[in-house]
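Chain naming here is simple, since letters A, B, ... match the order of the sequence lines and numbering starts at 1 in each.
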There are 2 protein chains.
Amino acid sequence: MYDIRDVWQRAHQMLRSARKIINEELRPLNLSSAEGNILLHLFTQGQGELGQEQLVEQLDISKPAVSRALDSLEQKGYVLRQEDPSDRRVHRVRLTERARTVGPQIERAYNQLYAAAMQGISQEELAAFLHLFTRMSENFTRAQKNQNKEDRDAA
Amino acid sequence: MYDIRDVWQRAHQMLRSARKIINEELRPLNLSSAEGNILLHLFTQGQGELGQEQLVEQLDISKPAVSRALDSLEQKGYVLRQEDPSDRRVHRVRLTERARTVGPQIERAYNQLYAAAMQGISQEELAAFLHLFTRMSENFTRAQKNQNKEDRDAA
DNA sequence: ATCACTTGGTTAACATGTTAACGAATTTTG
DNA sequence: CAAAATTCGTTAACATGTTAACCAAGTGAT
């Protein structure tokens with residue numbers, strides 16, 4: 001019999017394993033997985049550069065998480081933050097030459113991870129998987145809204 | 001087109017939402033989700049009592065995580081740790097009267113979460129989902145083993 | 001019996017994420 | 001235009017998990 005609780009356990013397992021693998025793979029570059037995730041996104045999605053807020057939205061992690069990862073990346077010389085002249089609130093994030101040098105290595109690490117994940121899984125299965133995952137995640141979003149609503153109603 | 005990266009994003013989203021919902025639901029009991037997870041396990045799986053090591057295995061979280069959650073639960077009067085007379089290393093974890101009192105409320109919170117998750121998802125779909133999830137997670141376990149092996153080979 | 005190994009649990013250090021509160025810059029609105 | 005609201009980023013506090021190092025108790029082999 002299936003226990004829904006296994007879904008959580010599996011999700012945890014998967015994320016933990018993936019993080020571990022990426023951390024291991026990026027250790028020679030002195031990069032953590034959190035940093036790697038951001039760099040990868042900049043490599044593959046960023047046309048030129050991105051504001052931090054865009055990273056927050058596109059990677060779906062919180063502002064402080066992005067802020068601190070960028071602190072570290074800047075420290076290590078992988079990115080630059082420069083003020084946007086047209087809106088001085090936004091910090092545009094740009095990859096440095098150094099980052100571009102190691103880019104392929106980072107992409108290779110992630111591609112390796114993705115390939116490992118997909119062993120024995122077809123495109124169709126992945127599609128179905130993501131479909132369900134999405135529905136579940138939407139269910140939660142809805143549940144959370146209702147919860148907030150009830151809180152407000154109770155107040 | 002599907003991007004494998006979405007799997008991670010969805011998994012993160014799901015775990016985050018679930019944690020948030022449970023935290024909200026258990027706040028009146030002064031319990032966090034980490035604590036609730038353990039209590040739920042004790043309620044539903046524990047015949048009488050469990051050693052901490054068993055919690056570690058069955059919940060698949062690290063020893064320190066269990067240790068600290070139990071510290072807090074003991075502090076709050078929800079569990080007791082007693083030395084096993086037959087093996088004085090083992091701390092047997094037992095629910096207190098107080099825990100049993102709030103048991104139904106905790107189980108209700110989780111059942112509500114599970115019900116919300118399953119909205120519009122059939123048993124068959126869940127089964128397929130878990131099947132794939134399991135395969136993926138096994139893939140990672142294998143990848144990690146290989147990685148460790150390569151490390152050793154390199155040394 | 002003793003010495004080496006294993007096992008259960010704790011502590012310390014750190015990784016990674018979150019929310020809340022804030023400051024500065026921009027936008028909206030009356 | 002000036003006051004109010006919003007937006008972008010940072011900082012502080014904390015939640016939750018991990019690995020590494022350790023102690024104390026059991027186990028086992030010579």
Can you check the [X] [atom1] to [N] [atom2] distance for me, whole Å?
| X | N | atom1 | atom2 | value |
| --- | --- | --- | --- | --- |
| B:His91 | D:dA25 | NE2 | C1' | 10 Å |
| B:Leu26 | D:dT16 | CG | C1' | 15 Å |
| B:Lys20 | D:dT16 | NZ | P | 13 Å |
| A:Arg88 | C:dT27 | CZ | P | 12 Å |
| A:Glu35 | C:dT16 | CD | P | 7 Å |
| B:Asp84 | D:dG26 | CG | P | 9 Å |
| B:Arg89 | C:dT10 | CZ | P | 14 Å |
| B:Leu55 | D:dG17 | CG | P | 13 Å |

Please pick, from [options], the nucleotide with the shortest atom-to-atom distance to any side-chain atom of [X].
| X | options | value |
| --- | --- | --- |
| A:Glu53 | C:dG8, D:dC8, C:dT18 | D:dC8 |
| A:Ala65 | D:dC8, D:dA25, C:dT18 | C:dT18 |
| B:Ser62 | C:dT18, D:dT18, C:dA25 | D:dT18 |
| B:Pro64 | C:dT26, D:dG26, C:dA12 | C:dA12 |

Give a yes/no answer on whether the side chain of [X] brings an N or O atom under 4.0 Å of OP1 or OP2 in [N].
| X | N | result |
| --- | --- | --- |
| B:Ser33 | D:dA15 | no |
| B:Ser67 | C:dT10 | yes |
| A:Gln52 | D:dT10 | yes |
| B:His12 | C:dT16 | no |
| B:Lys63 | C:dT7 | no |
| A:Arg16 | D:dT18 | yes |
| B:Asn23 | D:dT16 | yes |

Would you mind checking if [Y] and [X] are paired as a salt bridge, meaning a charged N to carboxylate O distance below 4.0 Å?
| X | Y | answer |
| --- | --- | --- |
| A:Arg81 | A:Asp71 | yes |
| A:Arg135 | B:Glu125 | yes |
| B:Lys76 | B:Glu35 | yes |
| B:Glu24 | B:Arg27 | yes |
| A:Asp84 | A:Arg89 | no |

Exercise. Can you find a donor-acceptor pair, distance only, under 3.5 Å between A:Arg68 side chain and C:dG17 base?
Worked result: yes
Pick base, sugar-phosphate or nothing for [X], based on heavy-atom distances below 4.0 Å to the nucleic acid.
| X | answer |
| --- | --- |
| B:Arg92 | nothing |
| A:Ala34 | sugar-phosphate |
| A:Ser32 | sugar-phosphate |
| B:Arg19 | sugar-phosphate |

Problem set entry | Residue whose closest nucleotide on DNA chain C lies nearer the 5' end, A:Asp87 versus B:Gly51 | B:Gly51
Exercise. With under 30° as parallel and over 60° as perpendicular, where do the rings of A:Tyr110 and A:Tyr114 fit, or are they tilted in between?
Worked result: tilted
Exercise. Starting at the 5' end of DNA chain D and moving along, which residue's nearest nucleotide shows up first, B:Asp60 or A:Arg81?
Worked result: A:Arg81
